[in-house]
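First comes the structure, then the notes that go with it.
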Amino acid sequence: MRIGELARLTGSSVRSLRYYEEQGLLDSQRADSGAHRVFHADAVDRVRLLRQLYSAGLSSKVIASILPCVDTPSPELTEESIAIMQAEYARLGEQMAAIADTRDQLHHLIDHATRHLAADVDPAGRCADTDRARTHSDSGLAVTP
DNA sequence: ATTCTAACA
DNA sequence: TGTTAGTA
C-alpha cells in the first residue's frame with residue numbers, strides 16, 4: 001500500500017509516517033519507478049505500535065533501541081536494550097502512580113465543589129442546584145477506589 | 001488527486 | 001509535526 005492508505009489505516013499523518021521511516025522505525029520499499037514508497041501490510045501494526053510507544057512518552061531514540069526486540073531477527077539486541085526497556089517500564093510505573101494521585105486529588109476537589117454547590121445557594125428550597133449536584137455525583141467521576 | 005523532498009513565521 | 005513550494 002502507499003503512504004496515504006497507511007496513514008488512513010493508522011490514523012496518522014503522512015508527514016509522521018515519513019518521519020518514522022526517517023528515524024529508522026518504519027521500513028518501506030520503493031515503487032518500480034522509485035517515485036513513491038510502498039509499505040507492506042504489516043506496516044499497519046508496526047505504526048500502531050510506534051504511536052502507542054510515542055504516546056507513552058518514549059523518544060524516537062529509545063523506540064529505535066528496543067525495536068530489534070520486536071523484529072524477527074534481532075542482531076542488534078543488546079543488554080543495553082533490555083536496560084532501556086526496564087528503565088521505561090519503571091518510568092511508566094512512576095508516571096501511573098503520579099497520575100493516580102492527581103486523579104485522587106481531582107476527586108476530592110469535585111467532592112468539595114459538589115458539597116459547596118449543594119449547601120450554598122438555597123436556604124429556602126432546592127431545585128436546579130441540587131439537581132446539578134446530584135448529576136455530578138452520578139456522572140461516573142466519583143469513582144472512589 | 002497523490003506522493004516526494006526540503007525547509008521554516 | 002504542521003505546512004508550504006514546486007514536481008513528477
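In what follows, chains are A, B, ... by sequence order, proteins preceding strands, each numbered from 1.
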Would you say that [X] contacts [Y] through its side chain, given a criterion of any heavy-atom pair below 4.5 Å between the two side chains?
X     : Y     : result
A:H40 : A:M1  : no
A:F39 : A:V47 : no
A:S60 : A:Y54 : yes
A:R46 : A:L25 : no
A:I3  : A:R18 : yes
A:Q29 : A:R37 : no
A:L58 : A:R91 : yes

In whole angstrom, give the distance that lies between atom CD of A:E22 and atom C1' of B:dT3.
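Interatomic distance, CD of A:E22 to C1' of B:dT3: 16 Å.
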
Roughly how many Å is it from CE in A:M1 to C1' in B:dT2, rounded to a whole number?
16 Å

Is A:R18 close enough to C:dG2 that one of its side-chain N or O atoms is under 4.0 Å from OP1 or OP2 there?
no

Please determine if a side-chain N or O atom of A:Y19 lies less than 4.0 Å away from the OP1 or OP2 oxygen of C:dG2.
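No, outside the criterion.
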
Pick base, sugar-phosphate or nothing for A:Y54, based on heavy-atom distances below 4.0 Å to the nucleic acid.
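A:Y54: no heavy atom of the nucleic acid under 4.0 Å.
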
Any base atoms under 4.0 Å from A:R8, or only sugar-phosphate, or nothing? Heavy atoms, all strands.
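Result for A:R8 = nothing.
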
Counting only side-chain heavy atoms from C-beta out, which of B:dT5, C:dG2, B:dT2 sits nearest to A:S16?
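When the side chain of A:S16 is considered, C:dG2 is the closest of B:dT5, C:dG2, B:dT2.
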
Stems involving DNA chain C, each a run of at least 3 consecutive Watson-Crick or G-U pairs under 3.5 Å
B:4-8 with C:2-6

Residues from residues 32-45 of chain A lying under 4.0 Å of DNA chain B - heavy atoms:
A:A35, A:H36, A:R37

How long is the gap from CD on A:Q105 to CD1 on A:I110, to the nearest 0.5 Å?
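Those atoms lie 12.0 Å apart.
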
Residue from A:L77, A:L50, A:V62 passing side chain to side chain contact (heavy atoms under 4.5 Å, CB included) with A:L67
A:L50

Find every protein N or O atom lying less than 3.5 Å from an N or O atom of nucleotides 3-8 of chain C, and list the pairs.
{"residue": "C:dT3", "atom": "O4", "partner": "A:R15", "partner atom": "NE", "Å": "3.0"}

Looking only at non-hydrogen atoms, find the nearest pair between A:S81 and A:S65 and report the distance.
OG-O, 3.3 Å

Closest heavy-atom pair and its distance - A:S12, A:L17:
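Smallest interatomic distance, heavy atoms only, reads OG-CD2, 3.5 Å.
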
Assert: residue with more 5' nearest nucleotide on DNA chain B, out of A:R2 and A:R30, is A:R2

